[in-house]
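Okay, structure first, notes after.
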Amino acid sequence: MNIHSLLLTKFKAALVAIGAPEDAPTPLTQATRAGFGDYQFNGAMALAKALKQKPRDIADSIVAAVELDGIAEKLEVAGPGFINIHLAQEFLASQVANINTSETLGYEKFEPQKVVVDYSSPNLAKEMHVGHLRSTIIGDAVVKTLEFMGNDVIRQNHMGDWGTQFGMLLAHFSDKLKSNEVAETALSDLEEFYRAAKVRFDEEEDFANRAREQVVKLQSGDADCMKLWQQFIDISIAHSEDVYQKLGVTLSRQDVMGESAYNDQLADVIAKLKEQGIAVEDQGAQVVFIEELADKEGNPAVYIVQKSGGGYLYSTTDLAAMRYRSFDLQADRNLIFTDARQALHFKQTEIVGRKAGFSRPETTYEHCPFGMMLGADGKPFKTRSGGTIKLADLLDEAVERAEKLVLARESDLTEEESKEVARKVGIGAVKYADLSKNRTTDYIFNWDSMLSFEGNTAPYLQYAYTRILSIFRKAGVSATELKGDISVQAPQEKVLAVKLVQFQEALQQVANEATPHVLCTYLYELASNFMSFYEACPILKADVSESDKNSRLQLAAATAKTLKLGLDLLGIDTMEKM
């Protein structure tokens with residue numbers, strides 16, 4: 001159950017009952033200070049002018065009108081008119097019990113939306129590097145959350161599989177095949193392959209001419225050239241699939257909707273823009289002048305949709321993608337994850353696309369920008385020599401570092417179990433370090449902090465989960481066998497219970513704002529609250545009554561279940577032992 005939504009409904013009804021305007025604000029928040037309730041309603045102050053009463057008097061009227069029997073045990077008016085809401089112990093106990101008996105932790109699914117999510121989108125001419133990490137894992141965490149909430153999610157991996165550079169690559173690829181080199185071997189290192197092709201393009205005139213001819217053939221749909229291109233793309237996608245598998249990301253080959261998928265629509269996009277007078281010719285190119293984004297001198301923003309030579313750009317492809325997702329896929333929401341440097345491009349795309357009717361009014365167009373991964377020097381994360389770090393190499397190093405840490409800890413794990421734990425800890429650490437940061441900010445990549453078993457890290461949360469499982473092993477009972485009443489009388493029990501029932505609110509915020517860090521913060525606070533509860537409320541000590549033991553085990557079970565589901569949605573693996 002979404003407690004925030006339940007309380008909000010009750011307070012809205014109370015405002016109607018006291019004669020408040022229909023559009024009266026309803027500021028309901030989780031309490032942030034101990035002793036001031038679990039939630040706080042602060043709508044009384046805003047109504048003073050409309051109702052011509054003192055805020056405290058209005059707050060008293062709201063308290064008298066709101067029906068929270070069985071939900072809140074106490075309402076109190078504080079300060080100038082704040083209403084502090086203390087949830088009832090019995091209500092919290094029933095919600096915790098519901099978490100333990102429901103596969104979805106009691107989550108109530110609402111009317112689903114069709115959501116298209118554009119994420120990862122590597123360039124298939126090169127191997128995935130660290131610059132693709134954020135788009136890939138943030139997008140996947142949001143996708144998993146949206147799906148869990150019952151939405152119909154369509155993944156769109158808008159891969160860069162087209163463009164003039166492919167002429168150069170195909171010419172080089174063709175030469176490799178003619179010399180009897182196996183295609184997979186030739187493309188085993190895409191970075192090296194790209195560099196070699198670029199050197200030849202710059203230094204060999206004959207090669208450069210053949211490369212330009214390949215571009216013309218490719219764009220005209222030449223059968224032999226298209227066959228060669230498809231072979232190149234298939235092997236390139238396999239490189240990406242290997243990385244996705246290491247990352248535990250849910251993207252598959254069926255989700256690829258590369259730039260090339262829109263080739264047959266681009267001419268029509270330009271035609272429609274010209275017909276409506278939105279695009280005009282300027283120096284031989286087709287350009288949209290966007291008055292809405294004019295500079296201080298009044299000069300409109302320039303948005304080129306077709307080059308003077310007739311070639312198309314990202315802008316053309318993105319407009320075609322907008323139209324396809326809104327009309328063909330009938331999307332309610334269209335989410336696009338790229339770095340913040342492309343924010344202006346997507347703002348321009350939305351303005352132009354909506355003017356042209358390329359998106360239904362009811363389809364949202366949500367660019368979800370993210371900051372950069374930086375090195376210790378505050379500059380974009382690179383190798384020591386200044387080169388681009390392959391994502392696969394970064395993940396391998398994470399597992400190697402984690403393995404050293406795991407082996408250094410005392411445990412009864414076998415060598416095989418230790419390696420599996422190391423894999424989960426290493427990959428989880430890299431992902432969580434990124435996901436736990438606000439999407440819109442840059443962050444410093446640091447091996448030591450992300451692999452720490454203390455603080456807001458994946459290893460800490462993975463360990464918290466295994467620690468709870470160890471309690472059940474020591475108790476000799478299964479979490480599914482627990483029965484009896486749940487008590488939330490001790491302060492630490494109530495704090496933990498309140499945090500448990502707020503899981504859905506965290507998920508709703510992730511879904512609404514595409515911000516996985518909200519879920520990370522929630523899980524860290526939940527784990528921390530459990531540790532405080534465990535220290536203050538013994539479970540397995542000899543002097544603990546059977547009823548208290550059973551109750552606390554149920555609180556522990558709900559915590560473990562919530563931690564596991566939350567980490568699953570983030571794409572972080574858990575384990576039985578560490």
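Count residues from 1 along the sequence.
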Under the side-chain hydrogen bond (donor to acceptor under 3.5 Å, both in side chains) criterion, do Tyr432 and Asn456 qualify, and how do the steps go?
CA-CA 9 Å; Tyr432 190 88; Asn456 188 11; 2.4 Å; yes
Quick one, Leu228 and Leu177 - any side-chain contact, counting heavy atoms below 4.5 Å?
yes
Would you say Gln508 and Asn512 are linked by a side-chain donor-acceptor pair, where the criterion is simply a distance under 3.5 Å?
yes
Starting at CE of Met159, measure out to CG of Asp255 and round the result to the nearest 0.5 Å.
9.0 Å
Please step through side-chain contact (heavy atoms from CB on, under 4.5 Å) for the pair Phe166 and Ile233, ending with a clear verdict.
CA-CA 10 Å; Phe166 276 92; Ile233 294 305; 3.8 Å; yes
Can you measure from OG1 (Thr521) to CG (Leu435) and round to the nearest 0.5 angstrom?
11.0 Å
Ignoring hydrogens and angles, tell me if any N or O in the side chain of Gln276 forms a donor-acceptor pair with the backbone of Ala356 under 3.5 Å.
yes
Is the shortest side-chain heavy-atom distance between Ile427 and Lys431 below 4.5 Å?
yes
Donor-acceptor pair, side chain of Arg325 and main chain of Val115, under 3.5 angstrom:
no
Does a side-chain N-to-carboxylate-O contact under 4.0 Å join Asp332 and Lys114?
no
Please check if any side-chain donor atom of Tyr524 sits under 3.5 Å from a side-chain acceptor atom of Ser436, or the reverse.
no
Considering only heavy atoms from C-beta outward, does the side chain of His129 approach that of Leu394 to under 4.5 Å?
no
Check the surroundings of atom NZ in Lys274: do more than 12 heavy atoms from other residues, nucleotides or ligands lie under 6.0 Å from it?
no
What I want to check is whether the side chains of Thr349 and Asp318 have a donor and an acceptor closer together than 3.5 Å.
no
Is it true that, when you exclude Glu362 itself, more than 12 heavy atoms of the residues, nucleotides or ligands shown sit nearer than 6.0 Å to its CD?
yes
Between the side chains of Thr574 and Lys564, does any donor sit under 3.5 Å from an acceptor?
yes
Below 4.5 Å, heavy atoms only, C-beta onward: do Asp339 and Pro369 meet side chain to side chain?
no
Can you measure from NZ (Lys390) to CG (Leu190) and round to the nearest 0.5 angstrom?
8.0 Å
State which residues pass ring pair (Phe, Tyr, Trp, His ring centres under 6.0 Å) with Tyr522; sequence neighbours excluded, sorted by chain then number.
Phe503
The reported gap from CG in Asp234 to NE2 in His239 (rounded to nearest 0.5 angstrom) is 11.5 Å
Identify the heavy atoms of Tyr312 and Ile270 that sit nearest to each other, and give their distance.
CE2-CG1, 3.7 Å
When rounded to the nearest 0.5 angstrom, what is the spacing between CD1 in Ile290 and CD in Glu292?
7.0 Å
Does the Thr316 side chain pair with the main chain of Val305, one donor and one acceptor, at a distance under 3.5 Å?
yes
Is Lys217 salt-bridged to Glu213, going by a charged N under 4.0 Å from an acidic O?
no
Which heavy atom of Thr136 sits nearest to which heavy atom of Ser120, and what is that distance?
OG1-OG, 2.9 Å
Please determine whether salt bridge (Lys or Arg N to Asp or Glu O under 4.0 Å) holds for the pair Lys577 and Glu420, giving the CA-CA distance in whole Å, both sets of side-chain angles, and the decisive distance to 0.1 Å.
CA-CA 11 Å; Lys577 295 188 294 182; Glu420 181 63 7; over 6 Å; no
Judged by atom type as modelled, is there a donor-acceptor pair below 3.5 Å linking the side chain of Ser174 to the main-chain atoms of Ala171?
no
For Phe358, is the NZ or CZ atom of Arg323 found under 6.0 angstrom from the centre of its six-membered ring and inside 45 degrees of the ring axis?
yes
Yes or no on side-chain contact (heavy atoms from CB on, under 4.5 Å) for Gln286 and Glu281, after CA distance, side-chain angles and deciding distance?
CA-CA 5 Å; Gln286 294 299 322; Glu281 187 171 320; 3.8 Å; yes
Grab the two heavy atoms, one from Ala331 and one from Arg360, that are nearest each other, plus how far apart they are.
O-NH2, 2.7 Å
What do the steps show when you test Arg155 against Asp118 for salt bridge (Lys or Arg N to Asp or Glu O under 4.0 Å), and what is the final call?
CA-CA 6 Å; Arg155 296 160 174 77; Asp118 176 338; over 6 Å; no
Parallel, tilted or perpendicular: rings of His172 and Phe207 (30°, 60°):
perpendicular
Atom of Leu133, atom of Met373 and distance for their closest heavy-atom approach
CD2-CE, 3.3 Å
Assess the residue pair Arg195 and Glu192 against the criterion (salt bridge (Lys or Arg N to Asp or Glu O under 4.0 Å)); give the C-alpha distance rounded to whole Å, side-chain angles, the decisive distance to 0.1 Å, and a yes or no.
CA-CA 5 Å; Arg195 278 194 293 270; Glu192 177 56 37; 3.4 Å; yes
Does any donor atom in the side chain of Thr440 or Asn438 lie under 3.5 Å from an acceptor atom in the other side chain?
yes
Tyr314-His345 aromatic ring centre distance below 6.0 Å:
no
With a 4.0 Å cut-off, would you call Glu350 and Lys347 a salt bridge?
no
Flag side-chain contact, heavy atom, 4.5 Å: Val142 against Val153:
no
Parallel, tilted or perpendicular: ring planes of Phe173 versus Phe232, cut at 30 and 60 degrees:
perpendicular
Do Asp377 and Lys379 meet the salt-bridge criterion of a basic N to acidic O distance under 4.0 Å?
no
What about the rings of Tyr460 and Phe453, do their centers lie closer together than 6.0 Å?
no
Counting only N and O atoms by type, is there a donor-acceptor contact under 3.5 Å from the side chain of Asn157 to the main-chain atoms of Ser121?
yes
Salt bridge or not for Glu191 and Lys126, using N-O below 4.0 Å?
no
If I take atom CE from residue Met226 and atom CG from residue Asp222, how far apart are they, to the nearest 0.5 angstrom?
9.5 Å
Considering non-hydrogen atoms only, spot the tightest contact between Thr363 and Ser326 and give its length.
OG1-OG, 2.9 Å
Does a salt bridge link Arg200 with Asp175, judged by any charged N lying under 4.0 Å from a carboxylate O?
yes
Judged by atom type as modelled, is there a donor-acceptor pair below 3.5 Å linking the side chain of Thr145 to the main-chain atoms of Ala511?
no
Going through the distances and angles, do Arg210 and Glu204 end up as a salt bridge (Lys or Arg N to Asp or Glu O under 4.0 Å)?
CA-CA 10 Å; Arg210 284 193 293 117; Glu204 300 176 27; 5.6 Å; no
Classify the ring geometry between Trp447 and Phe445 as parallel (under 30°), tilted (30 to 60°) or perpendicular (over 60°).
perpendicular
Would you find a donor on one side and an acceptor on the other, under 3.5 Å apart, between the side chain of Thr364 and the backbone of Glu366?
no
Under 3.5 Å, is there a donor-acceptor pair linking the side chains of Ser260 and Asp161?
yes
Looking only at non-hydrogen atoms, find the nearest pair between Ala527 and Ala464 and report the distance.
CB-CB, 4.0 Å
Sidechain N-carboxylate O distance under 4.0 Å for Lys246, Asp396:
yes
Would you indicate whether the side-chain heavy atoms of Met257 and Tyr324 approach each other to under 4.5 Å?
yes
Using side-chain heavy atoms (C-beta onward) and a distance below 4.5 Å, is Phe370 in contact with Ile138?
yes
Do the side chains of Tyr244 and Met128 get nearer than 4.5 Å, heavy atoms only?
yes
